[in-house]
Amino acid sequence: MSGARAAVTAAKEAQTQALTRRKKLELDVEEWKSRAKKYREQSSSVKTNEAYKALLHEIANAEAEVSKAEDLVLEQMMALEDAERRVKHLEADLREAEQAIAAEKKQMQVQYGEKKKRMDAATAERGEIAKKVPEELLELYTRIDKKHPGSALAEARGEQCRACGVRVLPHVLQLLKSETDEEVFRCETCGRILYSLEPIPHATPKETANGAANS
Ligand SMILES: [Zn+2]
């Protein structure tokens with residue numbers, strides 16, 4: 001991007017230099033033309049044949065210089081056109097790069113907006129859920145979440161805490177599976193709050209804890 005911008009600047013500079021050279025060469029043409037004109041005017045007033053011949057020579061010389069300078073002007077005009085084309089080409093490249101970046105930026109803003117919306121919704125949902133959680137339990141959760149961000153809870157399955165892998169005592173497992181027990185159990189090793197998704201014995205399928213697995 002900054003490279004494309006620098007290229008445009010350099011090309012514009014080259015264009016300005018080409019224009020300056022063309023103007024200078026045009027002045028050369030004018031100067032040799034006026035010299036030739038001056039010699040022709042003098043030729044009517046010369047006295048000797050020698051002087052006349054010398055003047056004719058000067059006139060021819062000046063006209064040759066005019067022709068040479070005119071050729072150079074033509075060459076310089078073509079160089080100038082090249083420089084102008086180059087500027088236009090590079091400016092188009094720059095515009096294209098700017099548009100691509102603008103499009104990318106817009107896309108990022110859209111994505112940001114969508115993610116922000118999802119996050120706001122999730123935050124609101126969390127707030128609603130947190131209201132229903134007893135204050136002490138919420139404090140405990142917050143404390144563990146600081147230590148284990150995003151995994152303050154751990155499933156107890158296969159007689160293990162699935163977060164740290166250490167064994168969970170059978171009587172704890174039994175209590176976790178019981179619908180009626182409101183007590184909070186924590187893993188003795190990692191300190192996470194344990195929960196169980198295993199079917200509660202004698203419960204009807206509707207009442208199993210599976211429905212809460214994703215919440
Ligand atoms: Zn654990």
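Numbers for residues simply follow the sequence, beginning at 1. Indexing begins at 1, ligand by ligand and atom by atom, following the structure's order.
- With sequence neighbours left out, R21 forms a salt bridge (Lys or Arg N to Asp or Glu O under 4.0 Å) with no residue at all.
- Looking only at distances, no side-chain donor or acceptor of H148 sits under 3.5 Å from a matching main-chain atom of A163.
- Taking the charged nitrogens against the carboxylate oxygens, K116 and D120 do have a contact shorter than 4.0 Å, which makes a salt bridge.
- Shown here are the protein N/O/S atoms lying under 2.8 Å from the Zn ion (ligand 1), water excluded: C161 SG, C164 SG, C187 SG, C190 SG.
- With sequence neighbours excluded, no residue satisfies salt bridge (Lys or Arg N to Asp or Glu O under 4.0 Å) with K38.
- Annotation for Q111: atom CD counts as buried by contact number, over 12 foreign heavy atoms lying within 6.0 Å.
- Applying the side-chain hydrogen bond (donor to acceptor under 3.5 Å, both in side chains) test to R40 and every residue at least two apart in sequence or in another chain returns E63.
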